[in-house]
K.L.:
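Please find one structure pasted underneath; my questions will follow.
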2 protein chains.
Amino acid sequence: MNDPIPSDEQLLGFFKAMADANRLKIIGLLTQSPRSVEELAALLDLRPSTVSHHLMVLSEAGLVNGRAQSYYNVYQMTSGALESMARRLLAQETLPQVAGSVDLNAYDRKVLADFLLPDGHLKTIPAQHKKREAILRHILKSFEPGVRYSEKQANEILERFHEDTATLRRELIAYKMLDRASGEYWRKTDTTEN
Amino acid sequence: MNDPIPSDEQLLGFFKAMADANRLKIIGLLTQSPRSVEELAALLDLRPSTVSHHLMVLSEAGLVNGRAQSYYNVYQMTSGALESMARRLLAQETLPQVAGSVDLNAYDRKVLADFLLPDGHLKTIPAQHKKREAILRHILKSFEPGVRYSEKQANEILERFHEDTATLRRELIAYKMLDRASGEYWRKTDTTEN
DNA sequence: AAATTAATTCGATGAATATCTAATTAATTT
DNA sequence: AAATTAATTAGATATTCATCGAATTAATTT
């Protein structure tokens, strides 16, 4: 009943198979009735070799299948293949998963590469939200979870990144990465960073 | 509730838009959250101009839309677009309709061109089912609906196609295109030919 | 056995298109 | 005001791929 989530290659193969006008017509014709290569070629005004190629693509995507019948090759829709694909597209978990192979830290790394000097100091503190956030996430790694730092200790760490330690402190609080009470600073526990 | 049947161009545009690995990744990322061109470019390791191009394709297919936010362009999924497409794919009437623009008589015409001499006579009577059928459908047009022909009259008509009138008569009966009783022949009424 | 026919495979060609760089535009920060 | 930044556009290049013709294979008809 539940279709498995298709792999990225399956998904891509499916869409590539459907992304051609003549292959769409073949699908349309085969949903009406099975047909031979020769017949499809006549109907679409294409060479049999071309139709053969299209049928190969469609069959590798699992959408059609052919059987030899005397010396004809008769192709038909693979029953349920298309419906199954459509249903998987509707499943909420399919699409987000396509981004699975994407390196979600790539953006942060790019920002770090743009703003960090070789010695680890910041060229500037980025003006833009997303980039400032990425930089602050990076700085936060220098604070051990569970440890409470005095303002002096905190400044010593922050100086390694930028002389304007006051701004860095304020921003770390604002972005809810650090907590402060009675002159002490500590890392919040709900961060998802390492 | 009922999505309209998409035009062939819409269908093709949709599949073409999805038929690229990087665009699939963009879709995957945007189903997680809206993102700017720059961010997508960093995540996919592509130039912003390339991402811009992909977003254009996706937006022309109606799948994503962008809004200017300060000087970023933030893109997001067009809500319901993908689901709507998937549901239309599931609709039984969508696919057969794709073949709508196909000339369904093209096959018969090809067979006629292959087997008819310029004067209308048959080179041979095709050995293969489908082709014999196509030829017989053609011959049948020379019989008026509602008229009863004697065997002699029938033969006069059939001779214009092939000397072996006995075979033609037999086959027309076998394929249920003509009926016979007490030495007379007439066209069956349930044929869909003109 | 020889000729015909359907289908596939292979190689070549041309069209579509993914990607990049460079130039341009528009908005923001300094 | 000048410099920076994000995005798009245009032009160039390279890759993918649809299509065809020719050669090959396999089955069928004569």
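Lettering of chains follows the sequences in order, A, B, ..., and the numbering in each one begins at 1. Values reported hereafter were calculated over all heavy atoms of this structure, with side chains retained and with hydrogens, waters and symmetry mates removed.
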K.L.:
Taking pairing as Watson-Crick or G-U wobble with both contacts under 3.5 Å, can you name the mate of dA12(D), or confirm there isn't one?
P.N.:
dT19(C)
K.L.:
Treating Arg88(A) as the side-chain partner and Leu11(A) as the backbone partner, does any N or O pair qualify as donor plus acceptor under 3.5 Å?
P.N.:
no
K.L.:
Rounded to the Å, how far apart are Leu12(B) CG and dA18(D) C1'?
P.N.:
13 Å
K.L.:
Salt-bridged, Arg87(B) to Glu83(B), with N to O below 4.0 Å?
P.N.:
no
K.L.:
Consider side-chain contact (heavy atoms from CB on, under 4.5 Å). Of Thr124(A), Ile125(A), Leu112(A), which one does Ile135(A) pass it with?
P.N.:
Leu112(A)
K.L.:
Indicate for each nucleotide in nucleotides 24-30 of chain D, in 5' to 3' sequence, whether protein heavy atoms under 4.0 Å reach the base (B), only the sugar-phosphate (S), or nothing (-).
P.N.:
---BS--
K.L.:
What is the distance, rounded to the nearest whole Å, between atom CG of Leu24(A) and atom P of dA18(D)?
P.N.:
12 Å
K.L.:
Check the distance between dT4(C)'s P and Lys123(B)'s NZ and give it to me in whole angstrom.
P.N.:
12 Å
K.L.:
Would you mind building the protein contact string for nucleotides 12-22 of chain C? One character per nucleotide, 5' to 3', B for base within reach (heavy atoms under 4.0 Å), S for sugar-phosphate only, - for untouched.
P.N.:
-----SSBBB-
K.L.:
Could you tell me whether Glu39(A) and Lys130(B) make a salt bridge, using a distance below 4.0 angstrom between a side-chain N and a carboxylate O?
P.N.:
yes
K.L.:
Could you state the CD1-P distance from Ile26(A) to dA7(C), rounded to the nearest angstrom?
P.N.:
13 Å
K.L.:
Could you report the tightest heavy-atom contact between Trp186(B) and Val147(B), atom names first, then the distance?
P.N.:
CB-O, 3.4 Å
K.L.:
Under 3.5 Å, is there a donor-acceptor pair between the Gln128(B) and Tyr72(A) side chains?
P.N.:
yes
K.L.:
Using both distances under 3.5 Å as the test, list the Watson-Crick or G-U wobble partner of dT28(D), or none.
P.N.:
dA3(C)
